Amino acid sequence: MTVHADAEQIIGEFYSEFPYPWHATRLTAPDDPTLHPALLAQELGDFTHRRVPRDARIWVPGCGVNQALIVALRFPDAEVVGSDVSTDSLDLCRTAGDQLGARNLTLREEGITDAGYREEFDYVVCTGVIHHHPDPGLLLDRLATALKPSGVLELMVYNTYHRREITAFQGAMRLLGREQDLWFARRVAGTLTRDSELTRQLRADLGEPEEQFADSWLNPCERNFTVRTLHETARAAGLALEAPCASQLATGLDLYDWRVPCTDDQLRRRSEALDDVTRWQVTQALSVDRSPLLWFYLRRTDNPLPALCEADRDEAFLDAVLAPVTASERVWVMGRSGGYRPLDAPQPLVTGPPPAAPWLAGEADGTRPLRELFAARGGVPARDELRDLRIRLTTPSFPHLRAVTQGG
Ligand SMILES: C[S@@+](CC[C@H](N)C(=O)[O-])C[C@H]1O[C@@H](n2cnc3c(N)ncnc32)[C@H](O)[C@@H]1O
């Protein structure tokens, strides 16, 4: 067995003992199959919605219990492959998929290193996975190879500045020869005597389900990243960081805002003049433990489509003719017995006014570009505010406005 197969076997056994995350309490499927491809394209600055086709081929490596099913429900016209090295996580995912009748999902038990796909996928979603391998760069290389040249990779890796306590605790358990002993770790967590941030975090997590405690504090392998090391690892695999992803987890934790956290005008001007990757490094360094999750879209460096920067995406937003999202969604909730139960009636996908610029919900009626709407209200907002509006109005986590296009 190679060292890589060995690493994948160890992590597979770990996540079979502690499948994580556990079943989602609520699953949803929009009634409009074009909605998620459109919102994904918008987050990448493509308000023409051509970046990811609705009948895309999608790969979700390291899908765990829910993610491949969530993606299959959001992209009902796509063909979705979910793969993992944890037999138990795949079984749980398969059972839920069968309950919901998801017909566009195939699940495979396979490690990323051996998957062997070549230029097959329009969209690859790999979050919380490659950092559990001793050589994340090797896995990234496999993901890049599996991606079509024009494809999109959604990737999340651990942020070094969020993992100080966890890295320290895992190191101590390793030195004690108990790195895989949940009950030992929990006993230690409950009896530490020093009043530190580590003690505080461990105590808080003692109340969480054991899968969650194990995922954080006992993981057999963990590699952490800064923006710089992620950028360098990506380049070595023929990939480039393209855009931040304001994922649901990141927005729920309020760890998604890549604007430089400072009101000083000089610093803001200087940082806006930097290239995106350098500016994200500044934001990470100045935000430390409150820096955003490292959740990014990446592209192959040989991608033939024009590469946009953040400022280009802001301009595309201003040029877009937007209208409110009116879709509804089917909803399933996890019942007490453990199975999913559908709600009788579809629910509106968006409830309530947008979290930013609520006036836009009334005025963005699909007839005039946003730039004109702002002009009528006294002018386009400053760059930072504009970027915040773009993200909090037009992306998958904030699905309020959608560009009106000829293709839909
Ligand atoms: C923390 S869970 C994340 C699950 C899912 N991506 C999500 O975000 O909900 C990590 C998952 O990746 C899987 N995994 C880790 N390394 C892998 C590898 N090299 N190949 C395939 N799956 C892997 C684990 O078995 C586990 O199910």
Side-chain angles (χ1 to χ4, degrees), residues 1-27 58-74 80-94 96-97 105 107-117 123-143 145-146 153-159 162-163 166 170 205 208-224 237 245 247-253 293-296 396-397:
M1 184 177 285
T2 67
V3 66
H4 299 307
D6 215 14
E8 292 191 321
Q9 185 178 340
I10 292 169
I11 202 76
E13 284 167 4
F14 176 79
Y15 277 107
S16 278
E17 192 176 353
F18 304 110
Y20 184 78
W22 193 242
H23 275 310
T25 51
R26 187 173 184 274
L27 290 168
I58 304 179
W59 183 28
V60 190
C63 58
V65 176
N66 305 302
Q67 195 176 36
L69 179 56
I70 291 172
V71 172
L73 294 171
R74 286 186 180 163
V80 179
V81 175
S83 61
D84 206 289
V85 285
S86 159
T87 317
D88 290 53
S89 299
L90 288 170
D91 285 347
L92 289 161
C93 189
R94 194 170 293 111
L105 173 62
L107 294 175
R108 295 184 184 149
E109 186 165 339
E110 65 190 6
I112 294 171
T113 54
D114 294 329
Y117 301 114
Y123 179 35
V124 173
V125 185
C126 187
T127 64
V129 181
I130 67 163
H131 48 219
H132 293 308
H133 193 277
D135 185 357
L138 176 84
L139 270 57
L140 214 43
D141 189 69
R142 298 290 191 273
L143 302 183
T145 306
L153 167 61
E154 182 179 333
L155 182 82
M156 186 278 275
V157 291
Y158 287 142
N159 177 333
H162 297 167
R163 310 298 292 182
I166 287 170
Q170 288 177 353
D205 277 4
E208 300 299 337
E210 67 178 42
E211 290 83 8
Q212 184 173 331
F213 187 93
D215 178 65
S216 296
W217 300 100
L218 283 188
N219 216 296
C221 179
E222 170 164 329
R223 298 282 182 270
N224 302 324
C245 171
S247 68
Q248 272 178 357
L249 180 64
T251 54
L253 296 168
L293 298 189
L294 297 185
W295 202 308
F296 283 100
S397 289

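Since we're looking at a predicted model, the values are computed, not measured. In each ligand, atom 1 is the first atom listed, and ligand 1 is the first ligand listed. We number each residue from 1, following the sequence as shown.
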Of all the atoms in ligand 1, which lie at a distance below 4.0 Å from a heavy atom belonging to [X]?
X      : result
Gly111 : 20 (N), 21 (C)
Asp215 : 1 (C)
Ser86  : 25 (O)

_Which option wins on minimum heavy-atom distance to atom 27 (O) of ligand 1: Leu139, Asp84, Thr113?_
Asp84
*Just going by heavy-atom distances, which of Glu211, Glu110, His133 is nearest to atom 21 (C) of ligand 1?*
Glu110
Please write down residue, atom name and distance for the protein heavy atom closest to [atom].
atom                    : answer
atom 7 (C) of ligand 1  : Gln67 OE1, 3.5 Å
atom 18 (C) of ligand 1 : Glu8 OE2, 3.5 Å
atom 2 (S) of ligand 1  : Tyr20 O, 3.4 Å
atom 14 (N) of ligand 1 : Val129 CG1, 3.7 Å
atom 8 (O) of ligand 1  : Thr127 OG1, 3.0 Å
atom 4 (C) of ligand 1  : Gly62 O, 3.4 Å
atom 23 (C) of ligand 1 : Val85 CG2, 3.5 Å
atom 1 (C) of ligand 1  : Tyr15 OH, 3.4 Å

*Give a yes or no answer on whether the side chain of Asn66 reaches the backbone of Trp22 with a donor-acceptor pair at less than 3.5 Å.*
yes
*Using 30° and 60° as the class limits, which term best fits the ring planes of Tyr117 and Trp59: parallel, tilted or perpendicular?*
perpendicular
Applying a 4.0 Å heavy-atom criterion (strictly less than), which segment of [X] is in contact with ligand 1: side chain, backbone, both, or neither?
X      : result
Pro21  : side chain
Asn66  : neither
Ile130 : neither

Distance in Å, [X] [atom1] paired with [Y] [atom2], rounded so as to fall on 0.5 Å steps:
X      : Y      : atom1 : atom2 : result
Asp141 : Thr145 : CG    : OG1   : 4.5 Å
Arg223 : His131 : CZ    : NE2   : 11.5 Å
Asp84  : Gln67  : CG    : CD    : 10.0 Å
Cys126 : Leu140 : SG    : CG    : 8.5 Å
Asp114 : Ser83  : CG    : OG    : 11.0 Å

_If you take the centroid of each ring, where Trp contributes its six-membered ring, are Phe14 and His132 closer together than 6.0 Å?_
no
*Quick one: side chain to side chain contact (heavy atoms under 4.5 Å, CB included) partners of Ser216, sequence neighbours excluded?*
Ile166, Asp205
*Give a yes/no on ligand 1: does Gly12 have at least one heavy atom closer than 4.0 angstrom to it?*
no
*Taking atom types as modelled and ignoring hydrogens, do the side chains of Thr87 and Glu109 form a donor-acceptor contact shorter than 3.5 angstrom?*
yes
_side-chain contact (heavy atoms from CB on, under 4.5 Å) between Asn219 and Ile11, intermediate numbers included_ = CA-CA 8 Å; Asn219 216 296; Ile11 202 76; 3.4 Å; yes
